[in-house]
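Before any comments, here is the structure.
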Amino acid sequence: MILNESTAHKTAELLLQINAIKLNPQEPFIWASGLKSPIYCDNRIILSYPPIRNFIVSELAKPIETIFGKPDVIAGVATGAIGIGAIIANYLGLPFVYVRPEPKKHGRKNQIEGKLDPHANVVVIEDLISTGKSSLNAIKALKEEGQAHIKGMMAIFSYGFDEAEARFKEERIDVYTLGNYDILLEEAYKTNYLNKEELELLKTWRKDPANWNL
Ligand SMILES: O=P(O)(O)OC[C@H]1O[C@H](OP(=O)(O)OP(=O)(O)O)[C@H](O)[C@@H]1O
Ligand SMILES: O=C(O)c1cc(=O)[nH]c(=O)[nH]1
């Protein structure tokens, strides 16, 4: 669920402004899930633009306490949400940990990096949700290895796939995002980043990404 409509439009406008939205229907991007996609939203680029980074950080950080209550710890999903998550934790004056996709193979072999006391109340930060598997993998580690209570999750952007929403619902994780796919397309078309043909292609892809371009 988006936090609010006008922030979602502003987020889309900013992502387009910094060229975080990449299109390549001819040579589709391979996503973390293995899905092939004509579009890629690279939220990591936000870190390179201080004013935009500040906007994203404050819009994600400000509602956390109202929505979830005051967390003990902010957790970022590695690697995409380490940077932004740490800045959000700093904004809120809270401790920060990050969660690797799997335990490190050497050293201390941690999956969760940083200090996480058992039974801590944690809000998870994710940069982007496609299938939701990366976020839920991190949440599983926080709950099982970290014995954390997950208060909820905030993300910059979600494609809003039904399968992701169903997964979060099943795990009873409340998720809020700044932006979403429909508003991004609206903004991209309005600002001529997309022409009519590209807009239609992206809408078609979104209906059945697994079978697109086979
Ligand atoms: O919802 P999902 O289908 O799991 O996809 C979203 C994930 O994909 C990206 O991470 P990626 O694995 O590409 O690695 P990175 O964060 O290290 O860049 C992104 O940062 C999310 O964590
Ligand atoms: O699913 C992914 O891997 C993914 C999609 C996307 O648009 N951006 C991103 O960083 N990851």
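Heavy atoms only: backbone and side chains are in, while hydrogens, waters and symmetry mates are out. Numbers here are sequence positions counted from 1. Both ligands and their constituent atoms are indexed starting at 1 by order of listing.
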Fill in: Step-by-step salt bridge (charged side-chain N to carboxylate O under 4.0 Å, His left out) determination, Arg167 to Glu163
CA-CA 6 Å; Arg167 282 194 182 105; Glu163 65 165 298; 2.8 Å; yes
Exercise for review: Select all protein residues for which some heavy-atom-to-ligand 1 distance is less than 4.0 Å, and list them by chain and number.
Suggested key: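 Under the 4.0 Å cut-off, ligand 1 touches Ala32, Arg44, Ala78, Thr79, Gly80, Glu126, Asp127, Leu128, Ile129, Ser130, Thr131, Gly132, Lys133, Ser134.
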Determine whether [X] and [Y] make a side-chain contact, defined as any pair of heavy atoms from C-beta on separated by less than 4.5 Å.
X      : Y      : result
Trp212 : Leu201 : yes
Ile139 : Glu171 : no
Leu94  : Asp72  : no

Matching residue for Tyr40 among Tyr159, Phe29, Phe157 - test: ring pair (Phe, Tyr, Trp, His ring centres under 6.0 Å)
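The ring pair (Phe, Tyr, Trp, His ring centres under 6.0 Å) with Tyr40 is passed solely by Phe29 among Tyr159, Phe29, Phe157.
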### Query
In the hydrophobic clustering that connects Ile, Leu, Val, Met, Phe, Trp and Tyr at side-chain heavy-atom distances below 4.5 Å, which members other than Ile30 occupy its cluster, ordered by chain and number?
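Listed partners: none, Ile30 stands alone.
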Side chains of residues 12-25: which donor-acceptor pairs under 3.5 Å do they make with residues two or more places apart or in other chains?
unit_1	atom_1	unit_2	atom_2	d
Lys22	NZ	Asn19	O	2.7
Asn24	OD1	Glu27	N	3.3

task: Kindly say whether Thr7 contributes a backbone atom to a donor-acceptor pair with the side chain of Asn4 at under 3.5 angstrom?
output: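 Yes; judged by distance alone, with no hydrogens or angles, the pair exists.
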Margin query: So if I only count non-hydrogen atoms and take anything under 4.0 Å from ligand 2, which residues does that give, chain by chain?
Written below: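 These residues qualify: Trp31, Ala32, Tyr40, Cys41, Arg44, Leu128, Ser130, Tyr159.
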Does atom CG of Asp162 have more than 12 heavy-atom neighbours, drawn from other residues, nucleotides or ligands, at distances under 6.0 Å?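 Check fails, neighbour count at 12 or below.
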